[in-house]
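Convention: sequence-line order gives letters A, B, ...; per-chain numbering from 1.
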Protein chains: 2
Amino acid sequence: MPLAPLKLSQSLEDYLEMVYMLRKENGIARVKDISTALAVKMPSVAKAVLELKKLGLVTQEPYAGVELSKDGEKLAHQILNRHLLLKLFLMKLGVSEATANKDACSMEHILSAETLSKIGIFVNEFRKKGSSK
Amino acid sequence: MPLAPLKLSQSLEDYLEMVYMLRKENGIARVKDISTALAVKMPSVAKAVLELKKLGLVTQEPYAGVELSKDGEKLAHQILNRHLLLKLFLMKLGVSEATANKDACSMEHILSAETLSKIGIFVNEFRKKGSSK
DNA sequence: TTCTTAAATTAGCCTTGACTAACATTTACC
DNA sequence: GGTAAATGTTAGTCAAGGCTAATTTAAGAA
């Protein structure tokens, strides 16, 4: 159970999440694409990938794409789910998609489990009581 | 109009807000009390106060309490309002007071104006439609 | 008044996470 | 296959924001 005590920094969470998303979209997560997507330079990505490797969350052959380990996959999935929940939540409140996406990105790293859980409940209630969509 | 373009870091916002709160509660904001309240050491407070002085948000005589400038007062007030709005919002969702307080503290530094505005609307609607309290 | 203690400050260090510049490798095109 | 361009890596710098240790000032007790 190496996942329970693992607490990533905000920025590492962002990198891990982006690896996951790029692999989902493109089948591969290249340093260049990560750097573009997160608006940082390539050396910053390289450094972050090193960290994630040390933590056993990704693997990477030099000069090749970044792969997710079993643990990395699981964790990235959790993070992405949090992101999607928060984005949906904000949009229910009437926030525009672009802003919802941006703010979800910040919120996903800082909210406590309790708050996330209550937000989940709210989103579900909202769905049931049937808004327009 | 020196307030419009002024964008504090998260940590400076925390310090400024705490000065405001302590002065409200105790009449004086001492370095020691700020340090205790924010769970940092006194030298960190001293450094932050220096920054806030440079920005013209606080004044301070050596070895005395921290005072707020006109601008500092206004800004601190805004930050605290954001905090209170978010705390109330989370509690409406069913989050416990302690957690609401903690998460409001993190959220208050990162949310966009649009999201804050929508949250404000939600809280008001909620009040009208009359929940239990 | 003097001495002890608490509070505040200063100096200097450390980590995180970005950056640029320089170098290495791979890819792609001729 | 050889070379230009794109991609990846390494080395070293910087700023923010913490910290400890050492010093200075203020305050309170003997």
Side-chain angles (χ1 to χ4, degrees), chain A residues 6-19 22-23 25-55 57-68 72 75-76 79 102 105-106 108-110, chain B residues 5-19 22-23 25-68 72 75-76 79 102 105-106 108-110:
Chain A
L6 192 41
K7 192 72 184 112
L8 293 187
S9 70
Q10 295 194 193
S11 96
L12 285 186
E13 280 192 357
D14 280 333
Y15 284 110
L16 187 66
E17 183 184 4
M18 189 51 70
V19 169
L22 287 173
R23 285 178 54 79
E25 280 175 33
N26 309 343
I28 184 173
R30 306 174 63 76
V31 170
K32 183 68 195 321
D33 298 332
I34 300 172
S35 117
T36 303
L38 293 179
V40 299
K41 305 295 179 177
M42 288 204 293
S44 307
V45 176
K47 211 190 252 186
V49 169
L50 266 183
E51 292 295 311
L52 293 174
K53 271 162 125 172
K54 273 192 216 157
L55 294 170
L57 297 173
V58 307
T59 58
Q60 182 209 29
E61 299 305 307
Y63 295 91
V66 180
E67 315 270 333
L68 287 166
L75 190 47
I79 296 169
K102 176 173 150 301
C105 240
S106 322
E108 71 194 26
H109 307 296
I110 58 172
Chain B
L6 191 40
K7 192 71 184 117
L8 292 188
S9 70
Q10 294 194 193
S11 98
L12 286 186
E13 279 193 359
D14 280 333
Y15 285 110
L16 187 65
E17 183 183 5
M18 188 51 69
V19 169
L22 287 173
R23 284 178 56 78
E25 279 174 34
N26 309 343
I28 183 172
R30 306 175 64 76
V31 169
K32 181 71 194 321
D33 298 332
I34 299 172
S35 116
T36 302
L38 293 179
V40 299
K41 304 295 179 177
M42 287 204 294
S44 307
V45 177
K47 212 190 249 185
V49 169
L50 265 183
E51 292 296 313
L52 293 174
K53 270 162 126 173
K54 274 191 215 157
L55 295 171
L57 297 173
V58 306
T59 57
Q60 183 207 30
E61 300 304 308
Y63 295 90
V66 181
E67 315 269 331
L68 289 165
L75 188 48
I79 296 169
K102 177 173 149 301
C105 239
S106 321
E108 70 193 28
H109 306 296
I110 57 173

Item to complete: Give one of base, sugar-phosphate or nothing for Ser11(A), where a contact means two heavy atoms less than 4.0 Å apart.
Response: sugar-phosphate
Worksheet entry | Exercise: identify the closest heavy-atom pair between Val49(A) and Val58(A) | O-CG2, 4.0 Å
Worksheet item: What is the nucleic acid contact for Glu51(B), judged by heavy atoms within less than 4.0 Å: base, sugar-phosphate only, or nothing?
Response: nothing
Fill in: Of residues 29-39 of chain B, the positions that come close to DNA chain D - non-hydrogen atoms, cut-off under 4.0 Å
none
Practice prompt. Please report, rounded to the nearest Å, how far the P atom of dT20(C) is from the NZ atom of Lys41(A).
Written response: 5 Å
Worksheet item: Roughly, in whole Å, what's the span from CG in Leu55(A) to C1' in dT16(C)?
Response: 14 Å
Discussion item. Below the 4.0 Å mark, does dT16(C) have OP1 or OP2 next to a side-chain nitrogen or oxygen of Ser9(A)?
Written reply: no
Discussion item. Could you work out, with salt bridge (charged side-chain N to carboxylate O under 4.0 Å, His left out) as the rule, every residue matching Arg23(B), not counting sequence neighbours?
Written reply: Glu67(B)
Worksheet, complete the sentence: Per-helix bend value, the helix from dT1(C)-dA30(D) to dC30(C)-dG1(D), C1' rotation axes over five pairs per end, 10° rounding, shows 0°
Worksheet, complete the sentence: For Glu51(A), the salt bridge (charged side-chain N to carboxylate O under 4.0 Å, His left out) test, sequence neighbours excluded, returns Lys54(A)
Practice prompt. Could you state the atom-to-atom distance from CG of Leu12(A) to P of dT15(C) in whole Å?
Written response: 16 Å
Discussion item. Looking at every non-hydrogen atom in both residues, tell me the closest pair between Val31(A) and Gln60(A) and how far apart they are.
Written reply: CG2-NE2, 4.2 Å
Worksheet entry | Side-chain heavy-atom pair Leu52(B), Val66(B) within 4.5 angstrom cut-off | no
Atom pairs under 3.5 Å: protein N/O with N/O of nucleotides 11-14 of chain C:
none

Fill in: Outermost DNA chain D nucleotides near chain A [under 4.0 Å, heavy atoms]
dT7(D) to dT10(D)
Throw together a table of side-chain donor-acceptor distances under 3.5 angstrom for residues 9-19 of chain A, partners on residues two or more places apart or in other chains.
unit_1: Ser9(A); atom_1: OG; unit_2: Leu12(A); atom_2: N; d: 3.2
unit_1: Glu13(A); atom_1: OE1; unit_2: Arg82(A); atom_2: NH2; d: 3.0
unit_1: Glu13(A); atom_1: OE1; unit_2: His109(A); atom_2: ND1; d: 2.5
unit_1: Glu13(A); atom_1: OE2; unit_2: Arg82(A); atom_2: NH2; d: 3.3
unit_1: Asp14(A); atom_1: OD1; unit_2: His109(A); atom_2: NE2; d: 2.7

Worksheet entry | Side-chain touch Glu108(B)/Ile79(B), heavy atoms, less than 4.5 angstrom | yes
Worksheet entry | Tyr15(A) vs Lys53(B), nearer the 5' end of DNA chain C by closest nucleotide | Lys53(B)
Run the side-chain donor-acceptor check on residues 34-47 of chain B: report pairs under 3.5 Å with partners two or more places apart or on a different chain.
unit_1: Ser35(B); atom_1: OG; unit_2: Lys32(B); atom_2: O; d: 3.3
unit_1: Ser35(B); atom_1: OG; unit_2: Val40(B); atom_2: O; d: 3.2
unit_1: Thr36(B); atom_1: OG1; unit_2: Lys32(B); atom_2: O; d: 3.0

